> 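Please find one structure pasted underneath; my questions will follow.
Convention: sequence-line order gives letters A, B, ...; per-chain numbering from 1. When reading the values below, keep in mind they use all heavy atoms of this one structure, side chains included, and skip hydrogens, waters and symmetry mates. Here the structure is a predicted model, which means the values were calculated and not measured.
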Amino acid sequence: MGGENNEGEMGFKHVDDESGISRVGVTSTDHFFSSVDWDPVVSGGGFSSSHYTSMVMDNPGMSCFPHYQTGSGYPDMPPSLLPFGDCVGGGPVLGSDKKGESVGRLIRAGESHQVSDDVVLGAPPSRKRRQLEAESSQRNKKAVEEFLEEPQRGSDQSQKKHKNDQSKEKESSQSEEAPEKNYIHMRARRGQATNSHSLAERVRREKISERMRLLQELVPGCNKITGKAVMLDEIINYVQSLQQQVEFLSMKLATVNPELNIDIDRILAKDLMQSRDVSSTPTLGLNPFSGFQGTIPNTTLESELQSLYQMGFVSNPSTMSSFSPNNGRLKPEL
Amino acid sequence: MERQIMNNKKRLFSVEPTELSPSEVFTRKYTSHLVPALKKLNMDKSPSPINQLTVKHEVDKALALSAQEFAWSGFLLQKLSSSNNPTTTTSSSSNGTRILEGSCKEDEDGEIEEKLSELRKLLPGGEEMNVEEMLSEIGNYIKCLELQTIALKSIVQDTT
């Protein structure tokens, strides 16, 4: 509980910044709430100014509340009874609201002392909060964000929606980055809007970016390209060139067709040697593409070469060297 | 001997001789579709020169048949069955349109949209897909094209 000590202290240092205080208080309360029952607090604790920090430890942040309410510095902490009274009054409420309140209310603790509610939401990331709260209010925003995020992990959809609304209301003075969780567990980042439309939009965009990244691995020479437009250009060029190649090869095939005397195994053997160069890059990047692994193993050595290939060639930049005759060129691994 | 050497290198990984990678599966399917078709073409039309378009048609058909787990293969088959002329390659025409359209768009999003629609045209059935789906399909389409290229090269080299 030493951590909480610090939290309490630091929180109190932020007396001037009420929102910060509230947040801090909340965090410490959060920390306490989740781990401590109301009873010990109510039944009596070491409420005394001298044991302030310890009080913070033992009594879930309730000691903080009076300060926020009165706005007085913590040195002027009222006798134990006062916080008791306040806390007790708020106790049942808090207890009942343990899970119901959104974190947004946490942020607005300056206005009311109901901050404690939100605290209960989840496992208190006390240490993180402590570090963050030690910083300026900007960092506090981040703390809020993290605090918002972490309890959400275990919370259900209704809570998330609640937070959604709360954080929207809160947006004015605080950051808007209260993370929103939808069914796909997206996390809003700092400075991003949080209404449901933009969230869905963001999810969609991230999916698309994900696909673009995979395509980047698939298309040779695109590792250094940043930017959707250029990347799309490259993809288009590549697909067109592949199609042209196919066309050219089929044309060639038409001319040589009469001599068709093909042994499939031989073709596959050649394919193995050639395909190694072609598809070296996307060996592991193709999971969304139904698990293609970029190898065309030979008949007899298929699996071994394939696994070798996968392990050895993962980091090879794809060079499309198969478009130049590479028959019989074996990789040194063999 | 080779197996031993390779076993040493890959002892961490399970090796099952019967395991087929998707690429291999595709290539096998592809060659098994194409080669008989070509032979049939060859035999049927030996008196007259084989039509290029017919070969292309067979090539595309083999591609579509070998990749039926993907959405675009269905569209490709549709195209093939609806016309005798293969319509998968749109190289020259699409290049021209792309250049024209690209220069007219100044809005970046508009450009990207243009390119996306361009990409859609390249992919069989791309017009009917949404963007995410299209991007995934493009990925495996590229992969299949690569494998097809390799297979065709082998076939060509084998016969020359």
> Please name the pair of heavy atoms, one in Glu132(B) and one in Lys207(A), separated by the smallest distance, quoted to 0.1 Å.
OE1-CD, 3.4 Å
> To check you understand the geometry: which heavy-atom pair defines the closest contact between Ile236(A) and Lys115(B), and what is its length?
CD1-O, 3.3 Å
> Indicate the atoms forming the closest heavy-atom contact of Leu145(B) with Val239(A), along with that distance.
CD1-O, 4.2 Å
> Before giving the answer on side-chain contact (heavy atoms from CB on, under 4.5 Å), spell out for Val131(B) and Arg204(A) the whole-Å C-alpha distance, their side-chain angles and the decisive distance to 0.1 Å.
CA-CA 9 Å; Val131(B) 180; Arg204(A) 186 176 153 270; 4.2 Å; yes
> Could you point out which residue of Ile150(B), Thr149(B), Ile155(B), Val59(B) forms a side chain to side chain contact (heavy atoms under 4.5 Å, CB included) with Leu249(A)?
Thr149(B)
> In Å, rounded to the nearest 0.5 Å, how long is the span from CD1 of Ile235(A) to CD1 of Ile142(B)?
6.0 Å
> For Leu242(A) and Glu146(B), which heavy atoms make the closest approach, and how far apart are they?
CD1-CG, 3.9 Å
> Roughly how far, to the nearest 0.5 Å, is the CG atom of Asp60(B) from the CD atom of Gln243(A)?
9.0 Å
> So how far is it from Ile138(B) CD1 to Leu214(A) CG, rounded to the nearest 0.5 Å?
13.5 Å
> Drop me the distance from Glu111(B)'s CD to Lys228(A)'s NZ, to the nearest 0.5 angstrom.
13.0 Å
> Considering all heavy atoms of both residues, which atom of Gly139(B) and which atom of Leu215(A) are nearest to each other, and what is their separation?
CA-CD2, 3.5 Å
